[in-house]
Amino acid sequence: MAETGPVTLRRSPLAHLEERMREAGVTGTRGVTLTELPFLTMVNLRVDPASETAGRIETALGAPLPRRCGDTTASAPRTVLWLGPDEWLVLSPSEEAAALRDALGPDPGSVVDVSANRTTLELSGPSARQVLEKGCPLDLHPRAFGPGRAVSTTVGPVAVLLWQVDDAPTYRLLPRSSFADFLARWLVDAMSEFSRPEVP
């Protein structure tokens, strides 16, 4: 009999909607798809950006800490999102907290694994921006928001971190896990019009 441990038992916040999200996908020139990227490592990092400690953390990350609202930096396989003047979110498919805690050492600051706090939805395709524009107050036109930008905002009534990954466009939305079901259903509904011919 196979052993059952915490990792094998864990279930992503949107596992129950996987088929529904797949069926909502649209192909062609008005295409848009929605998927969950579960179990990404997310580490909340706080440190004085002008300190020597920040330099050690940047060395551990292999990338500079972004310094302005909306900026991100990346060093495969991790991306660092700006959350505030002294706060960042480190995203990675693998464990990051231990190395960052070592880099922080005894100095002021914090490194907290918050992976269970959020999940990640990926919305992609030619119509992805139009789907988001139905319920996001940001100006998402490429002149104002493009690849590498990430900000806190709302989509529908749900607070998210919204990160544009590329110019396909592909967006990653990071809601709190407890709001993920509502957001996914909202996005599926917003996608539905693109499965029908465009009205001239």
Side-chain angles (χ1 to χ4, degrees), residues 10-42 44 66 68-72 74 79-84 88-93 114-200:
R10 72 177 176 176
R11 184 172 169 85
S12 76
L14 294 173
H16 63 291
L17 290 180
E18 182 180 357
E19 185 175 349
R20 184 166 179 184
M21 290 190 292
R22 184 173 55 251
E23 290 174 349
V26 180
T27 58
T29 57
R30 284 162 56 84
V32 60
T33 60
L34 179 65
T35 56
E36 183 188 21
L37 305 177
F39 310 130
L40 293 180
T41 296
M42 302 184 193
N44 184 273
R68 297 179 306 172
C69 177
D71 282 357
T72 65
T79 301
V80 186
L81 281 57
W82 187 96
L83 296 181
W88 298 267
L89 187 66
V90 181
L91 305 177
S92 172
V114 294
S115 304
N117 191 27
R118 299 179 187 269
T119 191
T120 304
L121 281 158
E122 185 169 272
L123 185 74
S124 186
S127 297
R129 176 162 64 97
Q130 291 92 320
V131 169
L132 289 177
E133 287 173 336
K134 292 183 177 192
C136 181
L138 292 180
D139 180 358
L140 297 176
H141 190 279
R143 67 174 171 259
F145 196 86
R149 303 291 290 164
V151 296
S152 296
T153 185
T154 55
V155 175
V158 178
V160 299
L161 282 172
L162 177 64
W163 168 30
Q164 185 171 341
V165 179
D166 60 33
D167 58 9
T170 301
Y171 300 92
R172 290 188 180 167
L173 297 85
L174 285 67
R176 305 285 183 187
S177 293
S178 55
F179 292 100
D181 177 275
F182 188 99
L183 177 62
R185 292 176 190 274
W186 187 94
L187 289 167
V188 164
D189 183 67
M191 290 165 59
S192 63
E193 77 164 89
F194 298 98
S195 64
R196 298 184 289 273
E198 187 172 8
V199 177

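These figures come from a predicted structure and were not determined experimentally.
No side-chain heavy atom of Trp186 sits less than 4.5 Å from a side-chain heavy atom of Val158. Two residues are said to be in side-chain contact when any heavy atoms from C-beta on lie closer than 4.5 Å; Glu18 and Thr35 fail this criterion. The side-chain heavy atoms of Pro126 and Thr29, taken from C-beta on, include no pair separated by under 4.5 Å. Residues Leu83 and Asn44 are in side-chain contact: their nearest non-hydrogen atoms beyond the backbone lie under 4.5 Å apart. Within the 4.5 Å cutoff, the side chain of Leu174 has heavy atoms near those of the Met42 side chain. Using a 4.5 Å heavy-atom threshold, the side chains of Cys69 and Trp82 count as touching.
Taken from CZ in Arg30 to CZ in Arg196, the straight-line distance is 8.5 Å, to the nearest 0.5 Å. Of the inter-residue distances, the one linking Leu162 atom CG with Leu121 atom CG reads 11.0 Å to the nearest 0.5 angstrom. To the nearest 0.5 Å, atom CG of residue Leu187 and atom OG of residue Ser192 are 11.5 Å apart. In this structure, the separation between CZ on Phe145 and SG on Cys136 is 7.5 Å, given to the nearest 0.5 Å. The CE atom of Met21 sits 11.5 Å away from the CD atom of Glu122 when rounded to the nearest 0.5 Å. Here the straight-line distance linking atom CG of Leu40 with atom OG of Ser12 works out to 11.0 Å at 0.5 Å rounding.
Of all heavy-atom pairs spanning Pro169 and Arg129, the tightest one is CG-N, 4.3 Å. When all heavy atoms of Phe194 and Val131 are compared, the closest pair comes out as CE1-CG2, 3.5 Å. Taking both residues in full, the closest heavy atoms of Leu14 and Glu36 are given as CB-OE1, 3.3 Å, listed atom of the first, atom of the second, then distance. Smallest separation of non-hydrogen atoms from Leu123 and Ala128: CD2-O, 3.6 Å. Taking all atoms of both residues into account, the shortest heavy-atom contact from Met191 to Val32 is CE-O, 3.6 Å. In terms of heavy atoms, Pro147 sits closest to Asp167 at CG-N, 3.7 Å.
At least one donor-acceptor pair closer than 3.5 Å links the side chain of Trp88 to the backbone N or O of Pro66. Of the possible donor and acceptor atoms, none in the side chain of Ser127 sits under 3.5 Å from a partner among the backbone N and O of Gln130. With hydrogens and angles disregarded, no donor-acceptor distance shorter than 3.5 Å links the side chain of Thr119 to the backbone of Ser177. Not a single donor-acceptor pair under 3.5 Å links the side chain of Ser92 to the backbone N or O of Thr41.
The existence of a salt bridge linking Asp181 and Arg185 is confirmed by a sub-4.0 Å separation between a basic side-chain nitrogen and an acidic carboxylate oxygen.
Counting non-hydrogen atoms of other residues, nucleotides and ligands closer than 6.0 Å to CZ of Phe182 gives a total of 12 or fewer.
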**Request:** Please assess Leu132 against Leu173 for the test side chain to side chain contact (heavy atoms under 4.5 Å, CB included), listing each intermediate value before the final yes or no.
**Result:** CA-CA 10 Å; Leu132 289 177; Leu173 297 85; 3.9 Å; yes
